[in-house]
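Would you mind keeping the following structure in view while I ask a few things?
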Number of protein chains: 2
Amino acid sequence: MRYSHNHKALTYQRILKEAAGLFRRDGIGATGLQPLMKSLGLTHGGFYAHFASKNELVEKALQQAACEVDGLCADIFSQPQPLHAFIDTYLSQWHVTSPHEGCPLPTMSAEMAQQGHASPTTDSVINARLGQIQNTLPGADAEEQSIMIFASLVGALVLARSTESDALREKILDVTRNTLKQSAE
Amino acid sequence: MRYSHNHKALTYQRILKEAAGLFRRDGIGATGLQPLMKSLGLTHGGFYAHFASKNELVEKALQQAACEVDGLCADIFSQPQPLHAFIDTYLSQWHVTSPHEGCPLPTMSAEMAQQGHASPTTDSVINARLGQIQNTLPGADAEEQSIMIFASLVGALVLARSTESDALREKILDVTRNTLKQSAE
DNA sequence: TGTACATCAGTGAACGCGCGTTCACTGATGTAC
DNA sequence: TGTACATCAGTGAACGCGCGTTCACTGATGTAC
């Protein structure tokens with residue numbers, strides 16, 4: 001082989017990682033394969049040595065983003081993260097201004113659904129988040145509570161990212177954060 | 001003048017209405033001006049007799065969508081709609097499958113924010129919905145409650161539209177609907 | 001009433017551009033002898 | 001150790017296409033005489 005035995009696998013991962021970021025930050029449709037490959041110092045023709053089509057990349061990038069966020073949500077020792085920490089992270093300034101590193105549901109999955117390319121990965125990402133929240137809840141209605149909490153988090157994040165006024169954005173984040181945390185005691 | 005004195009104004013409104021629907025259903029980037037004009041039986045060149053650019057249309061279409069939804073939310077006698085009715089409408093099967101007629105926040109505003117084209121209209125749409133909910137609430141913390149309720153609605157709608165599994169979608173909608181309605185007594 | 005003219009909403013070809021995709025090619029490498 | 005060869009990740013020109021935008025134009029109309 002021309003390069004080290006895992007050179008191609010490394011390039012594949014670099015493409016995946018970059019795409020997962022750009023798709024979430026700029027949108028899938030707004031991210032061209034040409035600029036994507038160029039940002040990695042490669043030419044666009046080589047893309048098809050790694051993926052059959054842009055659609056395949058989109059699917060794989062969603063999985064990649066899901067894994068990144070899974071890792072981000074689990075703490076260092078793979079213990080369930082306390083609920084208040086998850087809430088703080090999900091509604092942080094960082095998450096609002098860093099969609100390229102954040103939850104792919106309000107960005108990639110929403111656009112994929114709009115284009116009629118729903119993916120089972122989306123459901124598994126939703127279920128992963130719900131399960132993660134559920135694990136921190138004691139009661140019998142933990143599943144219902146987890147859905148309410150996560151829907152609030154997603155909605156507040158979407159609204160916060162859409163607002164132009166800093167005051168309105170802060171109010172949405174603060175109120176949602178505080179209400180969720182105090183209702184969880 | 002060539003046509004009736006308000007012919008141009010009518011065409012303007014037809015473009016606006018069609019765009020407000022397509023932008024919400026397919027996305028702004030995925031909606032071309034050529035297909036848009038063609039779907040009205042017009043040619044694309046005439047577009048610029050009505051709007052200076054696609055960006056101007058986007059801004060005006062967001063306002064149009066906001067007005068449509070305002071009208072949809074207010075009841076016939078312009079009385080505030082009962083909260084439970086608003087919740088039922090926002091989380092209805094109809095709203096999930098008819099983004100072209102629904103709230104422009106999870107569709108247009110989210111994409112506009114992603115593209116760096118935040119609009120004051122978005123903030124006013126958010127404030128309008130919050131105010132509408134607030135009017136149905138008695139307590140002193142009506143503002144906080146309205147934010148929590150609306151964030152939950154937006155999040156549940158975004159998640160429901162993204163899911164592939166009917167069961168998961170129904171569960172998200174049902175749980176959010178029921179929990180919000182019973183917590184509002 | 002009949003004719004000439006000015007208006008202007010809408011036409012459609014053309015512009016440069018970036019898109020996703022294809023493909024004949026390159027050239028640095030590991031392998032075989 | 002030295003040379004010839006096969007491999008194959010990456011190159012870059014080219015494809016047809018649709019995009020947003022421009023512009024010289026058409027032709028049905030209301031108005032003026």
Side-chain angles (χ1 to χ4, degrees), chain A residues 1-62 108 111-112 114-117 119, chain B residues 1-62 108 111-112 114-117 119:
Chain A
M1 298 161 203
R2 193 173 147 209
Y3 301 102
S4 61
H5 74 290
N6 61 345
H7 176 94
K8 191 178 180 183
L10 288 172
T11 302
Y12 178 92
Q13 286 301 326
R14 286 207 303 146
I15 296 173
L16 213 49
K17 181 124 207 313
E18 186 73 7
L22 293 177
F23 286 162
R24 280 177 286 180
R25 194 190 65 185
D26 302 334
I28 297 167
T31 299
L33 297 182
Q34 230 136 321
L36 167 68
M37 294 299 279
K38 196 168 192 178
S39 79
L40 296 170
L42 297 171
T43 50
H44 54 282
F47 173 82
Y48 293 91
H50 298 279
F51 301 93
S53 66
K54 186 180 182 181
N55 270 342
E56 187 190 316
L57 173 65
V58 169
E59 177 67 26
K60 295 280 172 42
L62 175 57
M108 290 192 67
E111 187 175 354
M112 288 168 75
Q114 213 171 23
Q115 305 303 320
H117 294 126
S119 156
Chain B
M1 300 161 204
R2 191 173 149 211
Y3 300 102
S4 60
H5 75 290
N6 62 346
H7 176 95
K8 190 178 181 183
L10 289 174
T11 302
Y12 179 92
Q13 287 300 328
R14 285 206 305 145
I15 296 173
L16 213 48
K17 182 124 207 311
E18 185 73 7
L22 293 177
F23 286 163
R24 279 177 287 178
R25 194 190 65 184
D26 301 335
I28 297 167
T31 300
L33 297 182
Q34 229 136 323
L36 167 68
M37 295 299 279
K38 195 167 192 177
S39 77
L40 296 170
L42 296 170
T43 50
H44 53 279
F47 173 81
Y48 293 91
H50 298 280
F51 301 93
S53 66
K54 185 179 181 181
N55 269 342
E56 187 190 317
L57 172 64
V58 168
E59 177 66 27
K60 295 280 171 43
L62 174 58
M108 290 192 68
E111 187 176 353
M112 288 168 76
Q114 213 172 23
Q115 306 303 322
H117 294 126
S119 156

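Chain letters run A, B, ... following the sequence lines, proteins first, then strands; residues in each count from 1. Everything numeric in this text was worked out from a predicted model, so none of it was measured. Values below: all heavy atoms of this structure, side chains included; hydrogens, waters and symmetry mates excluded.
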To the nearest Å, give me how far apart CG (L36(A)) and C1' (dG18(C)) are.
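Between C1' of dG18(C) and CG of L36(A): 15 Å.
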
Nearest to the side chain of Q34(B), heavy atoms from C-beta on, is which of dG10(D), dT21(C), dG20(D)?
dG20(D)

What integer distance in Å separates K54(B):NZ from dG20(D):P?
4 Å

Rounded to the Å, how far apart are M37(B) CE and dT11(C) C1'?
10 Å

How far does NE2 of H50(A) sit from NZ of K60(A), to the nearest 0.5 angstrom?
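It comes to 12.5 Å.
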
OP1, OP2 of dA9(C) versus side-chain N and O of T11(B): anything below 4.0 Å?
no

To the nearest Å, give me how far apart CG (L42(A)) and P (dC8(D)) are.
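So the CG-P distance, L42(A) to dC8(D), works out to 19 Å.
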
NE2/H117(B) to CD1/I28(B) distance, rounded to the nearest 0.5 angstrom?
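The CD1 atom of I28(B) is 9.5 Å from NE2 of H117(B), to the nearest 0.5 Å.
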
Please, what dot-bracket string fits DNA chain D when only Watson-Crick and G-U pairs with both distances under 3.5 Å count, crossing ones use [ ] and pairs to another strand use |?
.||||||||||||||||||||||||||||||||

Check every atom of dG10(C), dG20(C), dG20(D) against the side chain of L33(B) and return the nucleotide holding the closest atom.
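Minimum distance to the L33(B) side chain belongs to dG20(D).
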
Look up atom CD in Q34(A) and atom CG in L42(A), then write down how far apart they are to the nearest 0.5 Å.
13.0 Å

Do L57(A) and F23(A) have side chains that approach each other closer than 4.5 Å (heavy atoms only, starting at C-beta)?
yes

So which nucleotide from dA13(C), dG10(D), dT11(D) ends up closest to the side chain of H44(B)?
dA13(C)

Close residues, residues 15-32 of chain B, relative to DNA chain D [heavy-atom separation under 4.0 Å]:
T31(B), G32(B)

Below the 4.0 Å mark, does dC8(C) have OP1 or OP2 next to a side-chain nitrogen or oxygen of H7(B)?
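H7(B) to dC8(C) OP1/OP2: no side-chain N or O under 4.0 Å.
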
Indicate whether OP1 or OP2 belonging to dG20(D) is found under 4.0 Å from a side-chain N or O atom of S53(B).
no

Side chains of V58(A) and M108(A): does their closest heavy-atom pair fall under 4.5 Å?
yes

Any donor and acceptor pair, going by atom type alone, linking the side chain of E59(A) with main-chain N or O of S119(A) inside 3.5 Å?
no

Here the gap from L36(B) atom CG to K38(B) atom NZ, rounded to the nearest 0.5 Å, amounts to 13.0 Å

Suppose we screen for ring pair (Phe, Tyr, Trp, His ring centres under 6.0 Å). Which residues come up paired with F51(A), at least two apart in sequence or across chains?
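Testing F51(A) for ring pair (Phe, Tyr, Trp, His ring centres under 6.0 Å), a comparison that skips the adjacent residues, returns Y12(A), F47(A).
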
For the pair made of OH in Y48(B) and C1' in dC19(D), what is the distance, rounded to whole Å?
9 Å

Would you say R24(A)'s side chain and A20(A)'s backbone share a donor-acceptor pair under 3.5 angstrom?
yes

May I have the distance from F47(A) (atom CZ) to dT11(D) (atom P), rounded to whole angstrom?
14 Å

What integer distance in Å separates N55(B):CG from dC19(D):P?
16 Å

Atom CD of E56(A) to atom P of dG20(C): distance rounded to whole Å?
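It works out to 15 Å between those atoms.
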
